[in-house]
Every structure is written in C-alpha cells, then in structure tokens.
Protein chains: 2
Amino acid sequence: MNTVLIAEDEPSIAGLIKLCLSQSGYECTVAKNGLEAADLIEQKDFDIALLDIMMPGADGYELLEYLRPTGTPAIFITAKGELDDRVRGLSLGADDYIVKPFETRELVARVETVLRRTGRGGKMLYAFGVEADTHAHTVTKNGEQVHLTPLEYTLLEQLMRSRGAALYRDILYSRVWGGDMEDDTRTLDLHIKRLRQKLDWTDKIITVYKVGYMLKSEDMP
Amino acid sequence: MNTVLIAEDEPSIAGLIKLCLSQSGYECTVAKNGLEAADLIEQKDFDIALLDIMMPGADGYELLEYLRPTGTPAIFITAKGELDDRVRGLSLGADDYIVKPFETRELVARVETVLRRTGRGGKMLYAFGVEADTHAHTVTKNGEQVHLTPLEYTLLEQLMRSRGAALYRDILYSRVWGGDMEDDTRTLDLHIKRLRQKLDWTDKIITVYKVGYMLKSEDMP
DNA sequence: GTGAAATGTATCTGAGTTGTAACAAAAATA
DNA sequence: TATTTTTGTTACAACTCAGATACATTTCAC
C-alpha cells in the first residue's frame with residue numbers, strides 16, 4: 001500500500017483528501033502545518049507528498065527542500081487565487097499541482113499518475129499463479145495473459161492488496177467505483193462473478209456472507 | 001506488521017526504542033511530545049502505544065484518554081525516580097509499564113506480550129483451542145474450520161475480546177445487534193446456545209445469572 | 001454511424017440466516 | 001416447597017442475501 005503525506009492546515013480539506021485517498025487504498029498521514037510535515041518527512045519515507053503551498057510553519061516550497069534528498073515526489077495544492085506566477089513557474093520541483101476546489105476523482109488520478117511516472121506505484125502482486133502488474137494494469141495466469149476489463153482489474157487489485165482479509169462490500173465498492181453503493185444492486189456481485197470466471201478462481205475468492213469478499217491467502221484451507 | 005507509537009521526548013531513548021522494535025519487525029512512529037502524540041493517535045490507528053509519563057504538551061495519563069476510545073493498548077515508560085505512588089497505582093488503564101533504564105530484550109518481550117494479550121498480534125484471538133481471525137472473519141477449532149454465521153461470529157468476537165469478564169446482556173446485545181434490546185426476547189440466548197453448540201463450549205461460555213454471559217479465561221476452574 | 005466491448009439494471013431463485021412464539025428447565029425468592 | 005423470575009430449547013416461518021441470467025445501456029474505436 002502506498003503512503004501519502006498530506007500537508008494541509010485547513011482541517012476540512014485535509015480530511016477530504018485523506019478520506020478519498022484512503023478509500024482508494026492509500027495510507028494517509030496528515031500534517032497540520034509545515035513544521036509537523038517536516039518532522040514526518042524525516043521520520044518516515046512516504047511514497048508521495050501533497051503539499052499546501054500556503055501554510056504556517058513552513059510553506060510548500062520549503063518542504064520541497066526537505067523532500068528532495070529523499071526523492072519523494074510532491075504535488076502542490078493551491079487555492080485558485082494563489083495561482084500566481086510563482087506557482088505557474090513551478091518547474092521548481094513539484095511533480096504536479098492541483099487547484100482548490102478540485103474533484104476528488106481528479107485528485108486520485110493525479111496521485112496515481114505521479115506515482116506511476118516516478119516508478120513508485122509500479123509493483124507486482126502475486127496470488128495463486130496470477131500475477132498483476134500494477135504499473136501496466138495487466139494480468140497473467142501461469143504465464144499466460146488474461147484479459148481483464150479496467151473495472152475487473154481494479155477489483156482484482158483491491159482483493160490482492162488485502163489478501164486474507166475480508167473486504168466489506170461497501171468499502172470494496174467505493175474503492176473500485178469511487179462512490180457510495182446504491183442500496184440493492186448486483187453490480188459488485190456481477191463483477192466478482194466475472195473475475196472468478198476469467199481467473200478460474202471460484203474457490204479462491206470467498207464470499208463472506210453479510211460482509212463482503214475475500215481473496216484467500218496461500219495458507220488458508 | 002504491527003504499528004507502534006512511541007511518545008518520548010528524549011531523542012536518545014526514542015531512538016533506542018525505535019531501533020530495537022524496528023529490528024523486531026514493528027513499524028514505529030515517534031512523537032516528540034504529548035501534543036504530537038495526540039495528533040497521531042487521532043490520525044492513525046496504532047496497534048500499541050509506548051508512552052513516556054513525563055512529557056511536555058500532554059503527559060502519558062492524558063494520552064491514555066485519547067487512546068481509550070480507539071482501544072489501543074498502552075505501555076508506560078517511566079524513569080526510576082518517577083516510580084512514585086501515581087505510577088504504582090497505575091491500574092488506571094495502562095497495560096504494562098517499563099522502568100528506564102531497561103533491557104531492550106525486555107522491552108520487546110513486553111510489547112509482544114501486550115499485543116498478544118489484547119489480541120492484536122496478527123489480529124488473531126485465541127481461547128480453548130479456538131482461533132478467530134478477525135481479518136478473515138473465520139474461526140477454527142483445533143485447526144479445523146468451524147462455520148459461524150455473521151451474528152455468531154460477532155458475538156464470539158465480543159466474548160473473546162472481553163475474556164474473563166461478564167458482559168451485561170444489554171451491552172452484549174447492543175454491541176452485536178447495534179440497538180437497544182427489546183424487553184422480553186430470547187434472541188441473545190438463542191445465539192449463545194448456537195455458539196455453545198458449534199464450538200462445544202457449553203462449559204466455557206458461562207451464564208452469569210441476572211447479568212449476562214462470560215467467556216472463561218484459561219485459568220478459571 | 002456502426003459494431004464490439006464494457007458496464008449496469010432488473011428480476012428470479014435457492015440457500016442460508018435469523019427472530020418469534022411457545023414451552024421447558026433452572027435459579028432465586030419467599 | 002411453592003412461586004416467581006430468569007434462562008434454555010425447539011420448531012418453524014419470514015426474511016435476507018448472493019448467484020445467475022437476460023437484457024439494456026454506455027463507451028470507444030473505427
């Protein structure tokens with residue numbers, strides 16, 4: 001699971017970012033100001049940092065200096081008004097920037113893009129002869145390519161990332177579809193069925209009644 | 001991997017603790033003072049917290065209050081001189097305490113003990129040959145899988161988490177069913193019966209007359 | 001636009017889960 | 001011991017949930 005540092009002094013924004021990234025499977029830590037962020041950077045190695053430019057303590061530009069030696073990529077967050085020349089000429093080091101207010105989807109997409117571009121998002125996941133390339137979004141089983149649709153792939157990735165643990169239907173849904181699950185709809189079940197079919201995984205993806213689905217871990221009976 | 005919060009203002013001690021716990025496979029985060037620790041607690045769910053009692057910002061006792069709602073167990077760290085009455089009478093909530101200076105071996109051992117005791121070491125719960133995997137929502141007895149319905153499982157988990165303590169009927173009910181218990185209904189009793197049956201635990205789940213139910217602890221006759 | 005692929009909806013079904021009602025047993029109380 | 005209160009048991013009906021199927025809709029490349 002990729003780790004994200006969110007440096008944002010406005011709690012509501014920080015909370016929103018944390019929420020939607022968490023739901024997309026990222027592990028988030030929030031710093032309320034620049035100093036806190038600097039501390040965290042020195043303590044832990046994050047995969048990516050989201051930095052509010054205007055912050056008490058240390059602003060985003062200073063934080064970039066802290067990040068540089070670690071090689072952690074960064075995305076600037078900026079309010080519309082602040083989008084001045086300083087920001088525009090931001091070849092100064094950030095990998096991308098996002099303007100508030102932003103679409104949560106866009107946020108997630110940008111984080112993913114930066115992670116992929118900087119080679120931090122690409123990882124291989126394995127389970128029961130199935131190999132998922134999180135960089136290329138391709139899947140093979142016993143060496144042979146299996147064609148999955150984008151949704152199927154995302155679903156599989158989530159299951160593989162939480163190997164051996166049951167994922168609640170609504171959590172799984174929100175991670176894959178990115179919204180709340182409608183009351184009674186069979187969408188999730190349908191895609192699970194398709195996954196099971198394509199991978200021949202009827203007994204590997206377990207339905208946990210009234211909870212959700214789980215991908216067995218190797219050692220489970 | 002289990003996560004540890006280390007709240008300790010003396011950097012050398014904090015570093016030492018972090019070092020030896022990291023080597024034992026724990027993921028450590030250090031807070032330099034009470035406030036920082038409080039922030040981290042609200043942000044992240046740690047598996048265990050090591051708290052220095054004397055700290056600027058908020059002391060260990062205050063931090064315990066932050067931890068209580070999350071259910072995170074805590075170990076107090078205290079200098080020899082501080083081992084006064086306050087500390088001695090620390091039945092006040094911490095799960096254990098360690099006196100500085102300490103042997104690193106002892107530290108690791110105590111952390112492990114507390115984690116196991118609180119059922120967080122790998123998120124497994126054990127009792128009388130029964131093993132509950134809180135991630136997978138599965139239960140085995142003497143290695144063999146036992147099928148429990150969702151309600152039965154939740155009920156079991158509650159009992160196992162409060163091992164050796166009687167749980168009031170209404171509390172147990174509200175934890176499992178999530179509402180107030182109707183006046184006269186046999187629902188709870190029925191599910192207790194089913195649990196007893198499936199696990200062959202007639203004598204392990206004790207009915208405390210006029211109170212509720214209790215799962216025996218290993219050392220009870 | 002057309003067609004193929006991807007995704008979603010509607011509905012049915014059967015299995016599995018759960019609560020109720022009615023009564024039996026046990027424990028406390030008198 | 002008789003009575004009341006509390007807990008255990010049984011059988012069954014009602015219900016909920018996930019699987020399946022068929023079809024509708026959307027998306028995308030050409």
Side-chain angles (χ1 to χ4, degrees), chain A residues 105 109 137-139 145-159 166-216, chain B residues 137-139 145-159 166-216:
Chain A
R105 285 244 174 204
H137 285 215
T138 56
V139 174
Q145 180 95 20
V146 179
H147 174 76
L148 295 189
T149 69
L151 267 174
E152 283 160 5
Y153 174 81
T154 317
L155 184 56
L156 173 67
E157 190 176 317
Q158 290 306 322
L159 289 170
L167 285 164
Y168 284 87
R169 297 179 126 259
D170 49 358
I171 290 180
L172 200 46
Y173 187 92
S174 76
R175 285 197 190 164
V176 176
W177 281 267
D180 281 348
M181 185 164 55
E182 297 303 313
D183 261 351
D184 173 52
T185 180
R186 307 250 60 69
T187 309
L188 176 56
D189 310 58
L190 181 54
H191 285 268
I192 288 282
K193 173 197 152 85
R194 287 171 178 158
L195 250 191
R196 279 175 169 154
Q197 220 159 40
K198 288 194 179 179
L199 298 173
D200 191 21
W201 264 12
T202 323
D203 53 337
K204 302 291 186 290
I205 298 176
I206 297 176
T207 68
V208 183
Y209 196 84
K210 284 213 181 184
V211 176
Y213 294 95
M214 170 178 69
L215 177 58
K216 266 195 197 171
Chain B
H137 287 225
T138 56
V139 174
Q145 182 97 25
V146 180
H147 176 76
L148 296 188
T149 70
L151 268 173
E152 285 159 5
Y153 173 81
T154 319
L155 183 55
L156 173 67
E157 193 177 316
Q158 290 306 321
L159 290 169
L167 285 163
Y168 284 89
R169 298 178 124 261
D170 50 357
I171 290 180
L172 201 45
Y173 188 92
S174 76
R175 285 198 194 162
V176 176
W177 280 266
D180 280 349
M181 185 163 56
E182 300 301 314
D183 264 352
D184 173 52
T185 180
R186 309 251 55 70
T187 308
L188 176 56
D189 311 59
L190 178 54
H191 284 268
I192 288 282
K193 171 204 149 75
R194 287 172 177 157
L195 251 190
R196 280 174 169 155
Q197 212 162 44
K198 288 195 179 177
L199 299 173
D200 192 20
W201 264 12
T202 323
D203 53 337
K204 302 291 186 291
I205 298 176
I206 298 176
T207 68
V208 184
Y209 196 82
K210 285 222 184 194
V211 176
Y213 296 96
M214 170 178 69
L215 177 57
K216 265 195 198 173

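Just so it is clear: chains get the letters A, B, ... in the order the sequence lines come, proteins before strands, and each one is counted from 1. Small disclaimer: the values here were computed from a predicted structure and weren't measured.
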ask   = In residues 200-215 of chain A, what residues come within less than 4.0 Å of DNA chain D, judged by heavy atoms?
value = A:Thr207, A:Tyr209, A:Lys210, A:Tyr213

Rounding to a whole Å, what distance do you find between [X]:[atom1] and [N]:[atom2]?
X        : N      : atom1 : atom2 : value
A:Arg196 : D:dG19 : CZ    : C1'   : 9 Å
B:Leu148 : C:dT17 : CG    : C1'   : 13 Å
A:Leu188 : D:dA20 : CG    : P     : 14 Å
A:Ile192 : C:dT7  : CD1   : P     : 14 Å
B:Asp170 : D:dT6  : CG    : C1'   : 15 Å
A:Asp189 : D:dA20 : CG    : C1'   : 10 Å

request  = Look at B:Lys193 and D:dT7 and indicate whether a side-chain polar atom (N or O) is within less than 4.0 Å of OP1 or OP2.
outcome  = no

Closest non-hydrogen atom pair between [X] and [Y], with its separation:
X        : Y        : answer
B:Gly212 : B:Arg169 : CA-CG, 3.6 Å
A:Lys210 : B:Pro150 : CB-CG, 3.6 Å
B:Val176 : B:Gln158 : CG2-CG, 4.1 Å
A:Leu159 : A:Leu215 : O-CB, 3.8 Å

ask   = Does B:Glu152 pair with B:Lys198 as a salt bridge, N-O distance under 4.0 Å?
value = yes

Comparing A:Arg169 and A:Gln197 on DNA chain D - which has the more 5′ nearest nucleotide = A:Arg169

query = Rounded to the nearest 0.5 Å, how far apart are CG of B:Leu190 and CG of B:Leu195?
reply = 10.5 Å

Look for any protein N or O under 3.5 Å of an N or O in nucleotides 8-10 of chain C and output each such pair with its distance, or none.
unit_1	atom_1	unit_2	atom_2	d
C:dG8	OP1	A:Trp177	NE1	3.1
C:dG8	OP2	A:Trp177	NE1	3.0
C:dG8	OP2	A:His191	NE2	3.2
C:dG8	O6	A:Arg194	NH2	3.2

query = Parallel under 30°, tilted from 30 to 60°, perpendicular over 60°: which one fits the rings of A:Tyr153 and A:His137?
reply = parallel

inquiry  = What I'd like to find out is whether the side chain of A:Ile205 reaches to under 4.5 Å of the side chain of A:Leu199, using heavy atoms alone.
reply    = no

request  = Applying side-chain contact (heavy atoms from CB on, under 4.5 Å) between B:Tyr213 and each of B:Val208, B:Leu188, B:Ile206, report the one that passes.
outcome  = B:Leu188

